[in-house]
Number of protein chains: 2
Amino acid sequence: MKILSHRGICVKYQNTMVVKKNPSAHAIRTRRRRTGGVASQPTVGDIARIAGVSTATVSRALNRPETVSPQLRDRVGRVVKELGYLPSGAAKALASNRSFTIGAVVPTLNNAIFSACIAAFESRLSDAGYTLLITVSNYDHSHETQQVRRLLERGVDGMMVVGLDHADATYVTLERANAAYVTIWGYDENSPVPCVGFDNAAAAETVVDHLFALGHRRLAMVAGITRDNDRATARLAGVKRAMQRHNLTMDPGLFMEKPYTHQCGRDAFADLMSLSEPPTAIICGNDVLAMGVMFEANLRGIAIPGEVSITGYDNLPITRHLNPGLTTIDLPSEAIGHAAADVLIANQAEGHPIKSRLFDAPLLVRGTTGPCPGGRR
Amino acid sequence: MKILSHRGICVKYQNTMVVKKNPSAHAIRTRRRRTGGVASQPTVGDIARIAGVSTATVSRALNRPETVSPQLRDRVGRVVKELGYLPSGAAKALASNRSFTIGAVVPTLNNAIFSACIAAFESRLSDAGYTLLITVSNYDHSHETQQVRRLLERGVDGMMVVGLDHADATYVTLERANAAYVTIWGYDENSPVPCVGFDNAAAAETVVDHLFALGHRRLAMVAGITRDNDRATARLAGVKRAMQRHNLTMDPGLFMEKPYTHQCGRDAFADLMSLSEPPTAIICGNDVLAMGVMFEANLRGIAIPGEVSITGYDNLPITRHLNPGLTTIDLPSEAIGHAAADVLIANQAEGHPIKSRLFDAPLLVRGTTGPCPGGRR
DNA sequence: CCTTGTCATGTAAGCGCTTACATGAAAATC
DNA sequence: GATTTTCATGTAAGCGCTTACATGACAAGG
């Protein structure tokens with residue numbers, strides 16, 4: 001822990017003041033330097049001059065060392081190190097039309113499943129020399145359009161957006177800008193846009209099938225908010241479709257939409273249990289809701305799965321440690337993050353087209369689901 | 001869900017091929033356009049020509065509308081909308097020396113406490129028109145240096161790094177680049193670098209005090225890995241300091257460092273309980289470890305806090321729903337994220353110097369701590 | 001009516017890189 | 001030995017913006 005003097009800011013501050021108060025030619029010219037006026041940062045020109053070569057050679061030595069003679073390469077390298085030279089990304093991006101920057105728009109960062117995906121995404125990008133620009137949409141399509149636009153302005157080389165369903169303007173903007181992008185989480189084989197994800201509805205169906213096989217007939221669903229969220233919508237649709245397939249009646253009172261919070265899961269459970277005829281199994285739109293449901297059941301001394309079965313969706317790392325372990329959909333969040341990064345990088349590096357990719361999202365049966373109490377009804 | 005044709009990538013791909021195979025002057029010139037050769041994006045020049053004004057006026061109309069007559073402002077605005085013009089961030093950054101981009105280096109994204117902070121940080125940045133560049137260090141100081149360098153190359157207007165303890169090179173790079181930066185999480189009033197955080201050690205001391213007051217004398221600590229992690233180090237130090245203050249003996253066998261995972265918490269508990277004389281209270285370096293400890297205790301039927309008290313550190317949203325609720329340090333992660341963003345933005349916008357800021361991190365007593373079993377020893 | 005501001009707009013010079021093309025020396029070919 | 005080819009390096013033209021300064025119209029002041 002060695003700490004150097006921290007004066008940069010002050011100087012910068014004072015400099016700004018000077019400029020404001022006394023816009024002399026000199027002050028203005030000074031201000032334009034990259035660092036705000038003080039010790040200006042070295043540029044390729046400086047490196048070139050000191051190393052006694054042209055700027056083109058410096059650029060080549062730095063970006064395609066193999067095209068430069070070893071002596072010059074070393075000479076340039078030495079000067080670069082000596083001066084602590086950092087290339088200007090803006091200038092590079094402007095001149096080369098590549099920013100080595102990739103954008104992502106996620107609905108939220110406060111859900112471990114997205115964080116995990118983003119972490120995987122970032123990790124791959126970082127290894128390939130890219131930096132991640134991240135923005136959050138808060139599950140709001142019109143806000144998302146703004147964020148996409150902003151990322152495009154920042155000159156990202158590619159972009160990842162969550163979900164297939166977006167505002168028209170988002171797609172228009174993306175296509176107009178001729179952007180390289182990939183959607184994640186959802187998968188639709190007929191999708192005209194590339195998607196790296198899984199079939200949310202199909203996975204939800206397997207949950208119902210599992211519960212049906214266990215004898216459950218009275219199923220409830222605590223879905224996420226479906227507005228502007230195609231994943232939540234698809235999961236709900238999957239559950240309904242499977243129930244229809246099994247000829248199960250769907251009591252509207254057993255279907256609800258809740259924000260993805262533990263508290264909402266608890267509230268949902270309380271509501272469901274206060275019904276005259278409570279469900280024997282509760283399908284949750286994600287693990288956070290499922291955990292909330294479990295917590296409330298626990299508090300009320302209602303046995304899981306003895307009295308009620310619970311299912312989640314996501315397979316958050318914590319869910320396997322719960323007691324009993326949560327039966328859930330094992331969502332390949334990391335694989336998706338990696339694949340999304342790979343496809344974007346390959347597109348930039350080798351010009352590979354961005355192709356869709358389907359992942360499995362298998363049902364993971366653990367302890368929260370069991371036979372329907374009282375046998376089949 | 002309206003989906004447009006998705007042809008951009010292919011064209012770009014083909015175009016790259018063309019260029020590679022036939023580097024005619026035309027193909028090359030074409031390739032240089034921002035979009036890769038197809039329909040090129042409009043520029044200020046295009047807007048200016050169509051609106052019948054100069055590029056300077058376009059720039060002013062877009063960035064400082066009040067300096068332009070209403071008619072021209074409208075005229076420019078209309079053309080901008082019509083052409084779907086998106087300014088080039090690279091060109092803006094190069095010309096104005098401002099990127100409207102802020103960087104962050106975090107140890108991991110796979111810990112809800114950081115995600116929450118980042119979410120708060122991003123939210124404030126976004127409101128102010130900034131975009132967040134995020135990189136992760138994986139708790140590795142030398143990797144962190146690389147990431148800082150990369151962010152600087154990308155031309156961030158400011159940067160946030162987690163913790164006060166960093167590699168020399170990190171600080172050297174930061175100062176040399178004259179960067180506006182702030183460290184978060186830790187706070188040290190004597191720090192020469194600005195820090196927005198709380199006193200990790202002091203908070204850890206309050207945990208010990210609380211346990212001591214409950215009669216516990218045999219304390220164990222499951223700390224995080226302290227290497228390259230000043231927060232974990234400070235927490236451990238705080239615990240030791242408080243124990244010394246209370247004249248408690250510190251059995252080395254009761255102190256261990258573990259990665260921040262649930263499983264490690266479980267393992268730690270198993271180890272601790274297999275000791276001939278197990279602790280009556282276990283202080284955990286963070287909530288994830290604490291939850292792991294709780295899960296294992298639960299599995300073994302060991303009563304909390306009847307037989308053993310547990311404390312966490314972070315106050316993750318889930319911890320209040322646990323049964324019993326986890327006694328932990330209420331870490332102001334969102335406030336820190338907001339404050340870090342605010343200070344960086346104010347520095348850019350108004351030239352305010354970046355000042356340190358101290359937050360409270362109070363002990364939150366919930367159900368996992370109780371009187372020492374068997375009274376005081 | 002002339003001067004002096006004031007203000008909206010234009011002109012054009014960069015910002016710091018990349019890279020097409022030019023150049024010239026050395027190597028290869030005839 | 002004259003030629004062509006190859007290759008490392010240099011020259012200089014942008015990339016798409018911002019902005020200092022120039023300009024000219026018009027208003028205000030004398």
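The sequence lines fix the lettering, A, B, ..., with proteins before strands; numbering per chain opens at 1.
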Compute whether any side-chain donor of one residue and acceptor of the other, for A:Thr170 and A:Asp168, lie under 3.5 angstrom apart. no
Counting only side-chain heavy atoms from C-beta out, which of C:dC15, C:dC17, C:dA12 sits nearest to A:Pro87? C:dC17
Indicate whether OP1 or OP2 belonging to C:dG16 is found under 4.0 Å from a side-chain N or O atom of A:Ser88. no
Whole Å only: how far is the CG atom of A:Leu72 from the C1' atom of D:dG10? 11 Å
Distance check needed: D:dT18 P versus B:Leu62 CG, whole Å only. 7 Å
Counting any heavy atom closer than 4.0 Å, what does A:Ser69 reach on the DNA or RNA strands: base, sugar-phosphate only, or nothing? sugar-phosphate
Quick one: is A:Ser54 getting a side-chain N or O under 4.0 Å of the D:dG10 phosphate, OP1 or OP2? yes
Distance, rounded to the nearest Å, where A:Arg75 contributes CZ and D:dG10 contributes C1': 14 Å
Short side-chain N/O contact from A:Thr57 to OP1 or OP2 of D:dG10, under 4.0 Å: yes
Measure the acute angle between the ring planes of A:His166 and A:Tyr171, then classify it against the limits of 30° and 60° as parallel, tilted or perpendicular. perpendicular
Short side-chain N/O contact from A:Thr43 to OP1 or OP2 of C:dC15, under 4.0 Å: no
Looking only at the side chain of A:Val53 (C-beta and beyond, no hydrogens), which of the listed nucleotides D:dC17, D:dG10, C:dA12 gets closest? D:dG10
Using the rule given for side chain to side chain contact (heavy atoms under 4.5 Å, CB included), can you reason through A:Met160 versus A:Phe121, listing the C-alpha separation, both sets of side-chain angles and the distance that settles it, and then say yes or no? CA-CA 9 Å; A:Met160 175 192 103; A:Phe121 188 65; 3.7 Å; yes
Taking only side-chain N and O atoms of B:Asn63, does any of them lie within less than 4.0 angstrom of OP1 or OP2 on D:dT18? yes
B:Arg154 has an atom CZ; how far is it from atom P of C:dG16, in whole Å? 18 Å
Between the side chains of B:Asp46 and B:Arg49, is the shortest nitrogen-to-carboxylate-oxygen separation below 4.0 Å, so that they form an ion pair? yes
Calculate the interatomic distance between A:Glu153 atom CD and D:dC17 atom C1'; express it in whole Å. 13 Å
For DNA chain D, whose closest nucleotide is more 5', that of B:Ala90 or that of B:Arg60? B:Ala90
Classify the nucleic acid contact of B:Val58 as base, sugar-phosphate or nothing, counting any heavy atom under 4.0 Å across all strands shown. nothing
A:Arg73 CZ to D:dA8 P: how many Å, rounded? 10 Å
To the nearest Å, how far apart are A:Arg98 CZ and C:dT19 P? 10 Å
From CG of B:Leu94 over to P of C:dG16, roughly how many Å is that when rounded to an integer? 7 Å
Does C:dT18 have OP1 or OP2 sitting under 4.0 Å from an N or O in the side chain of A:Ser59? yes
Counting side-chain heavy atoms from C-beta on, which of D:dC15, D:dG10, D:dT19 comes nearest to B:Arg64? D:dT19
Quiz question: by atom type and distance under 3.5 Å, do the side chains of B:Arg154 and A:Thr131 form a donor-acceptor pair? yes
